[in-house]
Amino acid sequence: MKTTLCRIAGTPLTKVVDFGRQPLGNGFLEPHQFSGEYFFPMEVGFSEDSMMFQLIEQPDPEKMFHDHYAFYSSTSNYMARHFKEFADQVLRSGYLVKDDPFIVELGCNDGIMLKNFASQNLRHLGIEPSLNVAREANKHGVRTCSEFFTEQLAESIVAEHGQADAFLAANVMCHIPDISGVVRGIKKLLKPTGVVMFEDPYLGEVVAKTSYDQIYDEHVFLFSALSIRYLFALHEMELIDVQPQTTHGGSMRYVLAHRGAYPVGDSVVRLVAGEQEQGLDRLATFESFRVSVEESRTKLVSLLRDLKARGKKVAGYGATSKSTTILNYCGIGPDLIAYISDTTPIKQGKCTPGMHIPVVPYQTFKEDPPDYAVLFAWNHAEEIMAKERDFMAAGGKWIVHVPEVRVL
Ligand code: SAH
Ligand code: TMP
């Protein structure tokens, strides 16, 4: 689905970065599938009207989310702890009615967050169109509905279960091109006193760290408080709180409610002022971002070529969907990176989208460690560094590309 107009404001978009031909970020594949591999032109646009940073073209959702979706949330223990804390915050927040609250989560994946409500016998529903991960959630006692969330689905949920006290989402709102339809659905689904709490990778961090790998097919938007406030205001809803998160390399949790239901917190006023100072409302900021992205590519490629010339063995750590953007944008293939180790069984034995680097089980990294490992899962750096002390003790080095390309 291609648009030349802002998906929120309906006015023309300005192209800011061109990442060239890209495959699906999670489209891990076997050699017999190479010839039919899907690619799309990945360009990013910005609208000074809505202040929304967005993909100009996005593959159809059914191509990305299906019954063999490769991303299982619970592969990270750190994220499991993070979502337990998120659930605890919702439970403590005072926003839930005491008597039989109803919690809805969009994109609940394998139940990583909702299982914390299910275990307390609280009424809940996870909306999860990718059947394989939804089934995993069911195993944890999480009730799911395997459909894409739309205004119509919101109406049928209300008819069956009543309105919700809390509408939660993590790393999914930014995936949905018809975000206005989602907000219309939320507006209907939410009780007058209900709240929306969702988090996504934060545009301010992406710009500050040149973490351009947050841009891939699934992430049709990168949000800021400015763009979220604008979007929800069109539907008489208000941003009442914002809470920065360290997850996924720097995310933002947004709390929203029906207009006038709760006071707007100082956190919103402060963040909006900071974003204006950072220039997240202006095209010029994204033109400098493009220059930083190009510089990052030049540095990474020359570092890898230099290591190859010196006969060093380089592997990747974490076959993240983010790495698909880096590999394809920089043209890095198996000649520069021998393999990528990943703990997710569904990715192992396959090749990375587009550049076709073999994805191997973690065991290979342990048994046949490289001299240098590119930390594609840099957002999990803390957890990984703690786990890989042996690699470093044996002289292994990390390559990271954020906030700048360097060897650790
Ligand atoms: N919340 C989890 C999963 C994020 S991945 C976490 O933070 O780890 C995004 C998930 O959203 C995928 O499981 C995908 O299947 C689901 N998804 C994508 N589009 C959706 C839509 N329109 N409605 C509901 N879920 C959707
Ligand atoms: P994410 O960045 O989208 O969360 O994906 C992280 C990927 O990295 C996922 O495929 C699992 C993998 N991974 C490892 O291989 N080892 C690890 O220790 C961690 C935390 C993740």
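A donor-acceptor contact closer than 3.5 angstrom is absent between the side chains of Gln58 and His219. Asn138 and Thr144 form a side-chain donor-acceptor contact under 3.5 Å, judged by distance and modelled atom types alone. Counted by atom type alone, Thr325 and Asp213 present zero donor-acceptor pairs between their side chains at under 3.5 Å. With no hydrogens or angles considered, no side-chain donor-acceptor pair links Ser321 and Thr324 at under 3.5 Å. In summary, the side chains of His248 and Asn379 do present a donor paired with an acceptor at a separation below 3.5 Å, with no hydrogens or angles considered. Using modelled atom types, one finds a donor on one side chain and an acceptor on the other under 3.5 Å when comparing Gln89 with Arg253. For Gln348 and Asp342, the side-chain atoms include no donor-acceptor pair closer than 3.5 Å. Residues Thr285 and Gln278 have side chains that never bring a donor and an acceptor to within less than 3.5 angstrom of each other.
You'll find the ring centres of Phe376 and Tyr317 outside the 6.0 Å limit.
Glu275 is linked by a side chain to side chain donor-acceptor pair (under 3.5 Å) to Tyr202, counting only residues two or more places apart in sequence or in another chain. Remark: Phe83 engages no residue in a ring pair (Phe, Tyr, Trp, His ring centres under 6.0 Å) (not counting sequence neighbours).
From Phe39, atom CZ reaches atom CD of Glu37 across 4.0 Å, with rounding to the nearest 0.5 Å. For the atom pair Arg7 CZ and Ile176 CD1, the distance stands at 12.5 Å (nearest 0.5 Å). Between the CG atom of Leu304 and the CD1 atom of Ile399 there is a distance of 5.0 Å, given to the nearest 0.5 Å. Taking CE of Met113 as the start and CG of Asn116 as the end, the distance is 8.5 Å to the nearest 0.5 Å.
Ring pair Tyr254/Phe198 is tilted by interplanar angle, where 30° to 60° counts as tilted. Between Phe102 and His161, the ring planes are parallel. Angles under 30° get that label, and only those over 60° would be called perpendicular. Taking the six-membered ring for Trp and thresholds of 30 and 60 degrees, Phe86 and His82 have ring planes more than 60 degrees apart, a perpendicular arrangement.
Ala154 approaches Phe149 most closely through the heavy-atom pair CB-CZ, 3.8 Å.
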If you look only at distance, which donor and acceptor atoms sit under 3.5 Å apart when one is on a side chain in residues 230-241 and the other is two or more places apart or in another chain?
from   : atom 1 : to     : atom 2 : distance (Å)
Glu238 : OE1    : Gly260 : N      : 3.2
Asp241 : OD1    : Ser267 : OG     : 2.6
Asp241 : OD2    : Gln243 : NE2    : 2.9

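The cationic group of Lys63 lies under 6.0 Å from the six-membered ring centre of Tyr38 and within 45° of the ring axis, placing it in a cation-pi geometry.
Taking 4.0 Å as the cut-off between side-chain N and carboxylate O, Lys139 and Glu136 count as a salt-bridged pair.
Lys187 NZ: more than 12 foreign heavy atoms inside a 6.0 Å radius.
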